[in-house]
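Please read the structure below before turning to the comments.
Note that this is a predicted model, so its numbers are computed, not measured. Convention: sequence-line order gives letters A, B, ...; per-chain numbering from 1.
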Protein chains: 2
Amino acid sequence: MTNIKDLAKMAGVSVTTVSRVLNNHPYVSKEKRNAVLAAIKESNYEQNINAVHLSKGKTQMIGVVLPFSDHPYFALLLKGIAKQALENNYKLVLFQTDYMESRELEALQMLKQKQIDSLIICSRTCEWSVIQEYLSYGTIVLCEDTKGKEVSSTFVNQYKIFKEALAFLYKKGHQRIGYCIGRKTGPSSQLRANAYKEFLSEHQLPYCEEYIIDHCNYFEDAKIVMDHLLQMDNRPTALIVTSDQVAAGIVIYCQKQGIKIPEELAIIGYHNESIAKLMEISTMEIPLLEMGKNLFQQAISKEITKEEMFFRFIERTTV
Amino acid sequence: MTNIKDLAKMAGVSVTTVSRVLNNHPYVSKEKRNAVLAAIKESNYEQNINAVHLSKGKTQMIGVVLPFSDHPYFALLLKGIAKQALENNYKLVLFQTDYMESRELEALQMLKQKQIDSLIICSRTCEWSVIQEYLSYGTIVLCEDTKGKEVSSTFVNQYKIFKEALAFLYKKGHQRIGYCIGRKTGPSSQLRANAYKEFLSEHQLPYCEEYIIDHCNYFEDAKIVMDHLLQMDNRPTALIVTSDQVAAGIVIYCQKQGIKIPEELAIIGYHNESIAKLMEISTMEIPLLEMGKNLFQQAISKEITKEEMFFRFIERTTV
DNA sequence: TTGTATGCGTTATCAT
DNA sequence: ATGATAACGCATACAA
């Protein structure tokens with residue numbers, strides 16, 4: 001492996017000069033520049049990027065924390081981030097956490113160790129207080145409403161979305177409304193739970209634990225939902241499902257079981273994933289690609305900003 | 001930021017000793033070790049990983065090249081890779097190429113620059129000859145049958161899979177068989193095209209350009225397929241679709257259009273994605289998670305190995 | 001068991 | 001415009 005020193009020798013100049021042409025700095029004569037260029041070509045030279053990183057104290061790499069990459073929500077978010085990273089000449093380091101705190105900590109650790117310049121946490125498991133400790137080591141960006149906190153974030157108003165879905169269903173005459181979520185803990189679910197409880201008390205409806213179904217992430221989780229529903233005495237007439245993928249699964253199951261949608265069970269999905277368009281599932285559209293782009297921009301920006309993205313209810317045939 | 005030198009001073013030892021306790025080397029007395037540990041705690045010290053990388057010449061990072069992360073095929077592959085990376089304490093750098101050669105070259109470049117120790121190329125765009133040039137800079141792993149070449153690979157026999165799907169359909173009485181692929185170029189499609197042509201000539205069937213539909217990656221691409229199909233005079237009676245996601249889209253479209261499956265159109269999907277189970281789509285199962293794991297292991301292994309994974313036809317209701 | 005000295009490959013500072 | 005040389009922070013061969 002030839003290095004910058006070798007180049008200097010070959011070209012008959014100093015390492016400084018070599019570094020200058022390598023980094024397109026001014027103040028280097030045409031002759032010397034050409035000499036260096038020739039040496040580079042001849043030696044098949046390549047920068048050792050780790051040395052550059054050490055010297056500069058930056059890596060042009062950004063970490064992305066997400067629970068799993070094979071879920072449309074995160075896959076789309078990631079796609080948006082990746083697109084923007086590419087345009088800005090940054091690399092992405094992926095942390096797939098499965099919602100395990102230890103893995104999120106690893107990512108935070110890498111920020112502290114300077115292996116990544118910033119960290120985008122698409123869905124956090126750690127308490128806010130632990131994330132806070134790492135704020136001084138680099139930019140951290142979250143995908144939730146961070147209110148007065150000292151971090152940038154791009155988010156949608158999960159509370160409002162849920163409220164709107166509930167209101168729509170109520171207006172359609174539904175009184176027994178259930179919902180499916182990915183995990184009970186986590187900031188979004190918290191907001192949804194609040195919205196749900198408020199909705200119930202506003203309309204003096206009873207709270208029914210059974211109506212909340214956890215661990216709904218993939219198509220196949222629809223089976224759990226349906227099994228759960230079918231054994232209930234007084235099952236909900238409508239379901240808010242926080243992922244179109246799961247909503248699609250439920251629709252298909254209902255077809256098999258002969259349960260009419262929306263007459264016997266109304267469904268509102270989330271995100272407006274492509275399956276929702278295809279299957280004509282009513283859904284709360286969330287601009288995931290845009291959010292991904294935004295998250296990335298915030299990751300490389302010096303300023304702390306909070307950007308709320310807009311959602312939109314799309315009425316189709318399942319409600 | 002306190003560094004190893006500061007620690008040494010604080011603990012009253014040499015940097016070497018500090019380095020030793022940092023790396024859990026033997027030959028350091030309890031007292032000194034404790035002194036160092038205390039200094040670490042007190043100073044809130046953290047290794048600068050870039051310096052470690054430079055010094056060691058390795059980064060414990062592995063690159064992953066794939067066209068897009070929001071496609072079940074690649075998302076699943078990635079999930080398998082990520083799982084294994086985690087267990088082996090490696091980090092993943094993601095290269096989303098959109099099938100653009102320049103982006104694949106960037107990844108190759110990073111290998112050359114030593115930013116990553118190895119590179120896993122899930123789907124390549126570059127010619128083999130250009131990849132070959134980078135072999136000396138680190139381990140490269142491919143996801144295709146690499147025959148006699150000097151690279152490790154984990155793959156399924158795309159030729160055989162396609163042949164088997166065709167044979168099955170033929171046995172069922174189909175003579176006009178079309179197929180949908182993600183892109184016409186690329187190693188897999190080449191093999192499929194060969195299998196297809198051989199199949200046709202074996203059974204003295206006519207080759208019909210129209211029967212091959214390109215750019216089928218997502219649910220929504222099913223629309224293109226159907227539009228294409230519906231305007232044909234003599235459309236195929238069966239379709240091999242190299243992604244269950246697209247297959248699912250086609251099934252749904254057919255339901256809407258009143259086209260009976262499998263009577264009017266038989267369908268064989270690929271991968272046995274979860275949507276295929278749910279919708280009871282016949283499919284060629286491919287162990288993507290396993291392949292991902294395998295790819296990773298090969299990436300960190302010294303030896304060059306080729307591992308063919310087994311596929312399996314799962315007959316359900318669409319054929 | 002411990003420490004000294006050197007190397008890793010760059011960039012940045014400061015002369016000239 | 002050019003070049004010595006000092007960082008950057010750590011690992012390690014070698015010496016003791």
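Using a cut-off of 4.0 Å between Lys/Arg side-chain N and Asp/Glu carboxylate O, E46(A) and K114(B) are scored as not salt-bridged.
When only modelled atom types and interatomic distance are considered, T97(A) and E104(A) share no side-chain donor-acceptor pair under 3.5 Å. T16(B) and S19(B) are not linked by any side-chain donor-acceptor pair at a separation below 3.5 angstrom, with hydrogens and angles left out of the test. A side-chain donor-acceptor contact under 3.5 Å links Y218(B) and D70(B).
Following rounding to the nearest Å, E31(B) (CD) and dT2(C) (C1') show an atom-to-atom distance of 12 Å. In this structure, CD of Q115(A) is placed 20 Å from P of dC8(D), rounded to the nearest angstrom. Atom NZ in K9(B) sits roughly 14 Å away from atom P in dC10(D) (whole-Å rounding). Atoms CG (D6(B)) and P (dA7(D)) sit 14 Å apart, rounded to a whole Å. Rounded to whole Å, atom P of dA11(D) lies 12 Å from atom CG of N24(B). The distance between atom CG of N50(A) and atom C1' of dG7(C), rounded to the nearest whole Å, is 15 Å.
Distances shown here put a side-chain N or O of S29(B) below 4.0 Å from the OP1 or OP2 atom of dT2(C). S14(A) has no side-chain polar atom (N or O) that falls below the 4.0 Å cut-off from OP1 or OP2 of dT2(D).
The closest side-chain heavy-atom distance from T17(B) to S14(B) is below 4.5 Å.
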I'd like to compare against my own output: the B/S/- annotation of nucleotides 8-16 of chain C with a strict under-4.0 Å heavy-atom distance to protein. BBBBBB---
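Applying the side chain to side chain donor-acceptor pair (under 3.5 Å) test between K306(B) and each of D145(B), T154(B), T146(B) identifies T146(B) as the sole match.
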